[in-house]
Undergrad: 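There's a structure below that I have some questions on.
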Amino acid sequence: MRDKISQLFCLPKNACKHNSTDNRGQSVPNKATLNGGTTCTNGSIGPEGPEATETDSSGTGGMRKSLERKGSAPNDAVHLQRRVGLFSGVALIVGTMIGSGIFVSPSGLLARTGSVGVSFIIWLACGVLSLMGALAYAELGTMNTSSGAEWAYFMDAYGPAPAFLFSWVSTLVLKPSQMAIICLSFAQYAVEAFVSECDPPMSVVKMVALVAIVMILFVNCYSVNLGMAVQNVFTAAKLVAVLIVICGGAWKLIQGNTQHLANAFNGPTPNVGAVATAFYTGLWAYDGWNNLNYVTEEIKNPSKNLPRSIVIGIPLVTLCYALINISYLAAMSPTEMVQSEAVAVTFGNRILGVMAWLMPLSVTVSTFGSANGTLFAAGRLCFAASREGHLLDILSYVHVRRLTPAPGLIFHSLIAAAMVLYGTIDSLIDFFSFTAWIFYGGSMLALIVMRFTKPNYPRPYKVPIIIPVVVLVISMYLVVAPIIDSPRIEYLYALLFIFAGLIFYIPFVKLGMTPRFMNKVTLFLQLLLEVVPTSSMALFD
């Protein structure tokens, strides 16, 4: 079987003698050390050779613990190409952030706060918090242009163990649950369009969600360009839907329907725990602000296009959300919003008349595009972590012709499909929000730590230190406040699951133990999926 792999995918051994130039102008061999030998960029085994080292540019002379690469040399066998420009970067951020949240969450947020004014402030605060967090991520992403976002930053700041725990939780829970939530929302609205007299059967909803996962998986495995084209088209379509809502609200305001906005702050003041849970609801609608950092290896000129995409995309989403909430309140009362299971649908029935069907259609379009962007980013996390040996090797391979990280995409889709069959939206959102902000806070701390441990490190984009400090404090509040306000056993389960990753890290990553059958499994999957290791695969001690 190994001979078949070599015949199908491997270059001659002398192909491994080519050198590539990294982003600091150093010449490094295209190889990865494995079991005392060297693995060529195309996966063939070469003779033992001296290790190439990378010097930390902070001046300490230490080894740089990251996977940053400027890009592959023209003679590389297989690599991820930089095909995401500024427009596609903005579309990935906006298209992932605007999902079902703004069409569903306003009622939940209003119910938790009990005040129109407070809920509106929280919507704006969530946008500001997301922008601040994304700007901090822009500094991290331009320091280390490897894919993987938090995983790569944890590797640089803390070392392999915390990075593994992040990849453990994100790969098995966070990213798949995020996609499962979005696909369930898509299926709910898609099925409701054909079932008007009763609630749609949950079995049908789940089947439609599974079909959506398969379709999105096919698009992203087939071509990176196709995946981004789908993202761009669906982002444009959902912005048209947002514009319809805003125009409808403006028409009602022109008619004088401002009574629900006049007394915005009449109502009880929410307690600390209620504000934190309200933030969870709002931040769920904003989630996706960090997704572009997962694909930095495929961004054209990331030092410029990454921060530009963030500065354009997140304020655009915040403006849309603020205007949509005003439009909702121009058409219905706060009580009606709280009682509505789908605020956008109720709004459409009030404003659009015979065109009310546009709202359910808008939600389905919006959620499908958001799910596409979520899988596009999630596959790159799997790819980056596996390349360092933190996950199965096969997950770091790419298709030999289409140059897509197909194994990682398939792996995430399988877990998301299992969650669709098992879970409900509410239970998934609660777990996602709590654990996600633990790692967001960890990324802010990583930025602060590296300001001191790597003060002279190249930073094409640099944020004021107060920004990560503020986001870190808010992250701690969002994690601790709900536990104090309403202690639940689920929070303990989440923490136990995070640290349970050490059970696998110590033997399989730290000690390098590998079951004997895994080589045969990897070779079989490599033949089945027609995938090969990338030329930028590197293992560091």
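From a predicted model like this one, the values you see are computed outputs, not experimental measurements. These values consider heavy atoms only, across backbone and side chains, with no hydrogens, waters or symmetry-generated copies.
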Undergrad: For residues 412-420, dump all side-chain donor-acceptor pairs below 3.5 Å to protein atoms at least two apart in sequence or in another chain.
TA:
unit_1	atom_1	unit_2	atom_2	d
H412	NE2	A378	O	3.0
S413	OG	L409	O	2.9

Undergrad: Holding to side chain to side chain donor-acceptor pair (under 3.5 Å), I want the full list of residues that pass it with T171, two or more places apart in sequence or in another chain.
TA: none

Undergrad: Can you list the residues that meet the side chain to side chain donor-acceptor pair (under 3.5 Å) rule with R401, with sequence neighbours excluded?
TA: E530

Undergrad: Say whether S146 and N144, considering side chains only, have a donor N or O and an acceptor N or O under 3.5 Å apart.
TA: yes

Undergrad: Do C382 and L391 touch side chain to side chain, with heavy atoms closer than 4.5 Å?
TA: yes

Undergrad: Taking side chain to side chain donor-acceptor pair (under 3.5 Å) as the definition, give me every residue that meets it alongside N290, ordered by chain and number, with sequence neighbours left out.
TA: E150

Undergrad: Check the pair Y294 / W151 against ring-ring contact (aromatic ring centres under 6.0 Å, His included), numbers first and verdict last.
TA: CA-CA 9 Å; Y294 284 95; W151 176 86; over 10 Å; no

Undergrad: Any donor and acceptor pair, going by atom type alone, linking the side chain of T404 with main-chain N or O of H399 inside 3.5 Å?
TA: no

Undergrad: For S130, enumerate each residue passing the side-chain contact (heavy atoms from CB on, under 4.5 Å) test, keeping only those at least two apart in sequence or located in another chain.
TA: L283, Y286, W289, I314

Undergrad: Got a sec, which residues hit side-chain contact (heavy atoms from CB on, under 4.5 Å) with V90, two or more places apart in sequence or on another chain?
TA: L86, V94, S309, I312

Undergrad: Taking side-chain contact (heavy atoms from CB on, under 4.5 Å) as the test, write out the residues that go with L511, two or more places apart.
TA: I506, M513

Undergrad: Can you list the residues that meet the ring pair (Phe, Tyr, Trp, His ring centres under 6.0 Å) rule with F411, with sequence neighbours excluded?
TA: none

Undergrad: Restricting to ring pair (Phe, Tyr, Trp, His ring centres under 6.0 Å), what partner residues turn up for F279, sequence neighbours left out?
TA: none

Undergrad: Sort and list the pairs that fulfil side chain to side chain donor-acceptor pair (under 3.5 Å) and have at least one residue in residues 494-516, not counting sequence neighbours.
TA: none

Undergrad: Please enumerate all residues that pass ring pair (Phe, Tyr, Trp, His ring centres under 6.0 Å) together with F499, with sequence neighbours excluded.
TA: none

Undergrad: Could you pull out all residues at least two apart from P487 that satisfy side-chain contact (heavy atoms from CB on, under 4.5 Å)?
TA: none

